[in-house]
Structure formats: C-alpha cells, structure tokens
Visitor: 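Please find one structure pasted underneath; my questions will follow.
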2 protein chains.
Amino acid sequence: MADRTRARSEAETRVEGLLAVLRTRGHRVTTPRRLLLRSLVEVGGHRTAEELAAAVQAEAPDVHLSTIYRNLDELEQLGVIEHAHLGHGAAAYQLTEDPHSHLVCAGCGATLEVPDTLFHPLVQRALADYSFHVDPHHDALVGRCEDCAAEQ
Amino acid sequence: MADRTRARSEAETRVEGLLAVLRTRGHRVTTPRRLLLRSLVEVGGHRTAEELAAAVQAEAPDVHLSTIYRNLDELEQLGVIEHAHLGHGAAAYQLTEDPHSHLVCAGCGATLEVPDTLFHPLVQRALADYSFHVDPHHDALVGRCEDCAAEQ
DNA sequence: GTTCTTGCAAAAGCTTTGCAGGAAG
DNA sequence: CTTCCTGCAAAGCTTTTGCAAGAAC
C-alpha cells in the first residue's frame with residue numbers, strides 16, 4: 001500500500017507540474033484537462049485519443065471526444081505531448097518527457113517501443129546530407145517482427 | 001520528338017510488363033488497371049489515390065475513386081506497389097521498383113525523396129538489437145527542413 | 001457462360017468545426 | 001464580468017463495402 005500511495009502522489013506531482021505549464025501560458029485548468037494529463041502520466045506509453053477519452057470518462061463520463069482532441073492539440077502546441085502515426089489507424093499521443101520511438105509489425109500489429117538512440121545515426125546523416133532535422137517520434141517504423149518475418 | 005517517342009514506348013513497355021504480372025496471377029486486365037499503372041509509371045514518384053484518380057480520369061472520366069482504391073490494394077498485394085503515410089493526410093502510393101523513402105517537413109509540408117541507404121544503419125541495428133525487419137518505405141520521417149528549422 | 005470488375009451509393013473510421021451555454025479567472 | 005472551454009451535433013476527409021450491371025476470359 002505504501003508503494004501505491006507513493007506512486008499515486010508522484011503521478012499527481014507530475015500532473016500538477018504539467019498543469020503549471022498551462023497556467024503559466026495563460027490557459028485555464030479544467031477538469032477534462034486535469035484528467036487527461038493524469039491519464040497520460042499514468043499510462044506512461046502512447047495511447048489513441050479514444051483510449052484516453054475512455055480513461056477520462058471513467059471519472060467524468062460527460063467529457064466529450066472532441067474535448068479530448070482539442071486538449072490534445074493544445075498540449076501538443078505547448079510541447080507537453082506529441083503524437084505519432086502508428087501504422088494505419090488512429091494517431092498515438094504520448095508525453096514529451098521520456099521520449100521513445102516505435103516499431104510496428106505489419107504482420108501482427110505488435111508495437112515495440114525503442115530508445116531514440118536507434119535513430120541517432122539516421123538523424124545525423126539526414127542533417128549532414130540533406131540539412132533536414134528528423135523528429136523520430138512522429139511516425140512509427142513499419143516492418144516485420146521476428147515471428148512474422150519467419151513465416152514468409 | 002525522338003526522346004518523347006522513346007520515353008513513351010519505354011513507359012508502355014514497363015506497363016505491359018506490370019500487366020503481365022496481373023495476367024500470370026489470374027487477374028484480369030481492364031482499362032482502369034492499365035491507366036492506373038500507366039499513371040504510376042509516368043509520374044515515377046509517389047502520389048495519393050486522389051491524384052492517381054485524376055490522372056486516370058483524364059483518359060477515362062467514369063473510373064471511380066473506389067475502383068482506384070481497390071486496384072491499389074490489389075497491386076500492393078501483388079507486390080507491384082506499396083504505400084506510405086506521409087505526415088497527416090492521405091497515403092502515398094509508388095511502384096516498388098526504384099524504391100525511395102521520404103522526409104516530410106512539419107513546417108512547410110515539403111517532401112524530400114531520399115535513397116534507402118540513409119536507412120541502412122537503422123535497419124541493421126533494428127535487426128541486430130530487436131530482431132525487427134524495418135521497411136523504410138512505409139512511413140515518412142517527419143522533421144523540419146533547413147528553412148523551417150532556421151525560423152525557430 | 002462463368003467469374004471477376006466496375007460504378008454507384010452508402011457507410012465507416014478518425015478528426016475538425018460552429019455554436020450557445022457554462023465555468024475559470 | 002469577461003474570456004476561455006465545453007458538450008453536442010454536424011460535417012470533413014480518407015477509405016471501405018454491398019450490390020447489381022457489365023466486361024474479361
């Protein structure tokens with residue numbers, strides 16, 4: 001229980017810190033925003049707008065999907081979160097802190113989170129050869145995982 | 001004129017070769033399919049379904065967008081083409097021959113075509129470290145071009 | 001003649017937008 | 001009290017699907 005208590009207050013501390021960013025920049029602190037940030041902090045990884053809406057609605061059922069989208073946009077403009085396109089379906093959102101990139105298997109749909117260091121050689125070569133600054137989080141790399149590659 | 005004639009017949013030869021793939025695998029050769037392949041060969045690079053539809057409709061106005069999508073799916077399953085998600089909007093399709101990858105600027109939307117060699121270190125490390133086979137064509141890398149990066 | 005394709009229309013999935021009421025500061 | 005946010009409904013864009021008529025083989 002001590003663990004859970006500590007974990008919860010740690011999460012709340014992070015949420016408060018992120019809310020402070022909103023306040024500082026003249027945005028208002030509302031229930032949907034607080035719950036959305038809490039969901040993002042608690043899940044850690046990446047989630048679709050719909051998944052985040054479900055998490056928020058567990059506490060405040062009336063929060064509308066469009067509110068989630070508007071707040072995700074806003075938080076992204078503030079640099080608090082960013083979104084990536086994982087394969088086909090919906091976009092995935094994650095906190096900018098603890099950044100990671102994604103590998104998505106085209107066969108089974110499995111998602112691998114990988115450290116950004118994997119992209120470093122590519123980022124440097126893109127900059128050197130094309131003067132292009134790659135943001136490795138925005139899109140997943142698509143391919144085949146070990147099992148699905150073996151099937152072929 | 002000699003150039004244009006030769007270019008056209010070269011393109012037609014490639015189209016016929018691709019149609020032969022269809023025939024060999026038991027698929028039928030139809031006007032929309034021929035025109036779609038011709039458009040893909042002629043533009044060389046990547047195009048959205050809507051752009052390809054426009055090109056096809058220049059010759060056969062009744063060809064429907066849904067037919068374009070169905071044929072793109074079919075050609076992709078045959079391995080003749082593949083699609084990539086460039087930033088947000090619609091998917092981009094290209095012939096599998098002469099493969100290249102994409103860098104998309106999040107600021108101005110410009111698209112850079114880059115050789116696959118740029119991805120080789122990453123592909124090798126993904127395989128070595130995660131047993132994951134990356135297909136670098138499926139998604140564009142998003143970032144900022146020189147000009148847009150300078151603005152910040 | 002049989003099977004595969006097509007055109008059309010409708011719908012699906014994700015996301016954005018207009019608006020009027022309500023909450024935050 | 002003023003401005004910003006929200007919920008709702010409706011629409012937007014890309015893509016998919018059902019179906020009956022028509023084309024390819």
Visitor: How bent is the helix from C:dG1-D:dC25 to C:dG25-D:dC1, comparing axes over its five end pairs at each side, to the nearest 10°?
Guide: 30°
Visitor: Rounded to the nearest 0.5 Å, what's the gap from CG on B:Leu86 to OG1 on B:Thr48? Could you check?
Guide: 10.0 Å
Visitor: Can you check whether A:Asp135's main-chain N or O pairs, donor with acceptor, with B:Arg144's side chain at less than 3.5 Å?
Guide: no
Visitor: Under 4.0 Å between a side-chain nitrogen and a carboxylate oxygen: does that hold for A:Arg38 and A:Glu16?
Guide: no
Visitor: Do A:Leu37 and A:Val80 come close enough that some side-chain heavy atom pair is under 4.5 Å?
Guide: yes
Visitor: Whole angstroms only, please: what is the CD-C1' distance between B:Glu76 and D:dT15?
Guide: 13 Å
Visitor: Between A:Glu59 and A:Arg34, is there a salt bridge with N-O shorter than 4.0 Å?
Guide: no
Visitor: Over how many whole Å does the gap from B:Arg34 atom CZ to C:dT6 atom P extend?
Guide: 13 Å
Visitor: Tell me: CG of B:Leu35 to P of C:dG7, nearest whole Å?
Guide: 10 Å
Visitor: Within the distance-only criterion (no hydrogens, no angle test), does the side chain of A:Thr67 pair as donor or acceptor with the backbone N or O of A:Val63 below 3.5 angstrom?
Guide: no
Visitor: Can you name the atoms? Protein N/O to nucleotides 18-23 of chain D N/O, anything below 3.5 Å, with the distance.
Guide:
{"from": "D:dG18", "atom 1": "O6", "to": "B:Arg70", "atom 2": "NH1", "distance (Å)": "3.1"}

Visitor: Between atom NE2 in B:His64 and atom C1' in D:dT17, what is the gap in whole Å?
Guide: 12 Å
Visitor: Starting from the 5' end of DNA chain D, give me the residue, B:Asp73 or B:Thr31, whose nearest nucleotide shows up first.
Guide: B:Asp73
Visitor: Rounding to a whole Å, what distance do you find between A:Leu65:CG and D:dT6:C1'?
Guide: 14 Å
Visitor: Please report, rounded to the nearest Å, how far the P atom of D:dG7 is from the CD1 atom of A:Ile68.
Guide: 8 Å
Visitor: Over how many whole Å does the gap from A:His83 atom NE2 to C:dT15 atom P extend?
Guide: 8 Å
Visitor: Can you tell me if B:His83 and A:His88 form a side-chain donor-acceptor pair at under 3.5 Å?
Guide: yes
Visitor: Count the heavy atoms belonging to other residues, nucleotides or ligands that lie under 6.0 Å from CD of A:Glu146, then report whether that count exceeds 12.
Guide: no
Visitor: Rounded to whole angstrom units, what separation is found between the CG atom of B:Leu36 and the C1' atom of C:dT5?
Guide: 14 Å
Visitor: For C:dT15, does either OP1 or OP2 sit under 4.0 Å from a side-chain N or O belonging to A:Tyr69?
Guide: yes
Visitor: Do we see a donor-acceptor contact under 3.5 Å between the side chains of B:His46 and B:Glu113?
Guide: yes
Visitor: Quick check for you: among D:dC8, C:dT15, D:dC5, whose closest atom lies nearest to any side-chain atom of A:Glu74?
Guide: D:dC5
